[in-house]
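Only one structure is covered here, and it is reproduced in the block below.
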There are 2 protein chains.
Amino acid sequence: MSIHTPILHNLQKHITLTKAEEDHFISILTYKEIPKKTTLLAEGQACNQLSYVHSGALRSYCLDESGKESTIMFAMADWWLTDMYCFLNEKPSMTFIETLEDSVVFSISKLHFDQLFHTISGFERFFRILMQNAYTREQLRTIENLTLKAEERYYRFLNKYPQMAGKLTQKQIASYLGITPEFLSNIRKKQLGKQ
Amino acid sequence: MSIHTPILHNLQKHITLTKAEEDHFISILTYKEIPKKTTLLAEGQACNQLSYVHSGALRSYCLDESGKESTIMFAMADWWLTDMYCFLNEKPSMTFIETLEDSVVFSISKLHFDQLFHTISGFERFFRILMQNAYTREQLRTIENLTLKAEERYYRFLNKYPQMAGKLTQKQIASYLGITPEFLSNIRKKQLGKQ
DNA sequence: CTTTAGGCTTAAAGTAGTTTAAGTTATTGT
DNA sequence: ACAATAACTTAAACTACTTTAAGCCTAAAG
């Protein structure tokens, strides 16, 4: 059971690798230990890393003109994270990525990423499935945002990501749901009364 | 310039096909002429078709318990459309798809779709890129829904999809933006005053 | 050609969510 | 151990958006 077992296992969810492919894949990974509350990507920076979360938890968010934060997504162990649009199109990042707790990630540079489609025969398939899942998940989020009230969205969030709830502040959860922290506090008070 | 030129051209945006691959691809397409305001997929039905829009315009939407419509997406010439989650996972459809005007589409069955990954060497890449674009577009929509007011979302919609604006009713546009038709009418009146 | 249903508008009243501001409780850095 | 900063709460005033209901206009169906 090496340090690379989980990330290899993640690939093996969707594709089979030869021993040579495994070795090559491991050779391009950059191991990073990142303390809690560290920003590893900031708006405007080159977004040339795709990261696999080995342990810990991270969050990506953007800021509007007025300085208001919106949490785009979070990632815990066994998830992948980057500013996907900017990574794929080699644009300066439009988002921030920060650790929520001490984390270990394996990063792949855009250069190596592009090569993986040639060096690992199943990688195209692997990444296609990753993108399929990300797309359908994001579409569900859109629909829930359009059709549900904040209270219902909050309970679905708690239900879908119970582990994340403890790692995020209320302000961060509110910014994922698209409401103010004050209103989330309101929703929670209401629920306490019911119990 | 055959009827298949546009759909082949669409594949060739991202991959190169041999003549044999082109012929095979064309052989699995189902040509469909569909009159205006026809429902070609309804909630609960098997969603086993992925459709390329040759001409015309379509819309996908879902209904909540109370009967309220939400427009998930629309598609015009040269776009692809299905209930992606249900198509990929072979679940009964959660959405409706209807034509907004007389349309011609080429459909691919899930069975043929699965085979394409083996019969066309670049298809995995093609579909990966399709999913990448769909994902990053959807993520942008989420952020705009969370951060912008309805008025701003409406003007960005008009700006991004000027051709669609004329094909959708105000009710449908409102349901894409996540507001009531009455409030959209309000926004439009306000703008008329400014001009 | 006429009826009817749907699409669009208007306006008044209601509600979900925001803003501001103040106070309380944790965390963090020195 | 202390001060400073951020997290969470509360409440009152405000605004964005919804609901309801009525009226008008256009297009499709008989």
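Just so it is clear: chains get the letters A, B, ... in the order the sequence lines come, proteins before strands, and each one is counted from 1. Keep in mind that this is a model prediction, so the values were computed, not measured.
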| field | Helical bend (five base pairs per end, nearest 10°) for the helix from C:dC1-D:dG30 to C:dT28-D:dA3 | value | 50°
| request: Using a cut-off of 6.0 Å, state whether more than 12 heavy atoms not belonging to A:F126 lie near its atom CZ. | output: yes
Polar atoms only, N or O, under 3.5 Å: list the protein pairs with nucleotides 27-29 of chain D and their distances.
none

| field | DNA chain C-proximal residues of residues 55-65 of chain A, any heavy atom under 4.0 Å | value | none
| query | How would you list, by chain and number, every residue that makes a side chain to side chain contact (heavy atoms under 4.5 Å, CB included) with A:T16, sequence neighbours excluded? | reply | none
| said: So, using side chain to side chain contact (heavy atoms under 4.5 Å, CB included) as the criterion, who are the partners of A:P35 when residues are at least two apart? | reply: A:T38, A:D102
| query | Can you list, by residue number, the residues of residues 170-179 of chain B that have a non-hydrogen atom closer than 4.0 angstrom to DNA chain D? | reply | B:G178, B:I179
| query | side-chain hydrogen bond (donor to acceptor under 3.5 Å, both in side chains) with A:H112: which residues, sequence neighbours excluded? | reply | A:S109
| task | List for me each residue that meets side-chain hydrogen bond (donor to acceptor under 3.5 Å, both in side chains) alongside A:E124, sequence neighbours excluded, and say none if there are none. | result | B:R125, B:R128
| said: For residues 64-78 of chain A, which residue pairs pass the side chain to side chain donor-acceptor pair (under 3.5 Å) check, not counting sequence neighbours? | reply: A:N10-A:D78, A:K13-A:D78, A:Y52-A:D78, A:R59-A:E69, A:R59-A:T71, A:D64-A:S66, A:T71-A:S175
| message | I need the full list of salt bridge (charged side-chain N to carboxylate O under 4.0 Å, His left out) pairs touching residues 32-49 of chain B, with sequence neighbours left out, sorted by first then second residue. | response | none
| said: Enumerate the salt bridge (charged side-chain N to carboxylate O under 4.0 Å, His left out) contacts for residues 153-178 of chain B, please, sequence neighbours excluded, ordered by first and then second residue. | reply: B:E101-B:K167, B:E144-B:R156, B:E144-B:K160, B:E152-B:R156
| So does B:T180 get a side-chain nitrogen or oxygen closer than 4.0 Å to the phosphate oxygens (OP1/OP2) of D:dC17? | no
| field | B:F74 and B:Y161: CA distance, side-chain angles, deciding distance, ring pair (Phe, Tyr, Trp, His ring centres under 6.0 Å) verdict | value | CA-CA 10 Å; B:F74 34 75; B:Y161 308 108; 5.1 Å; yes
Report each atom pair, protein N/O against N/O of nucleotides 10-15 of chain D, whose distance is under 3.5 angstrom.
none

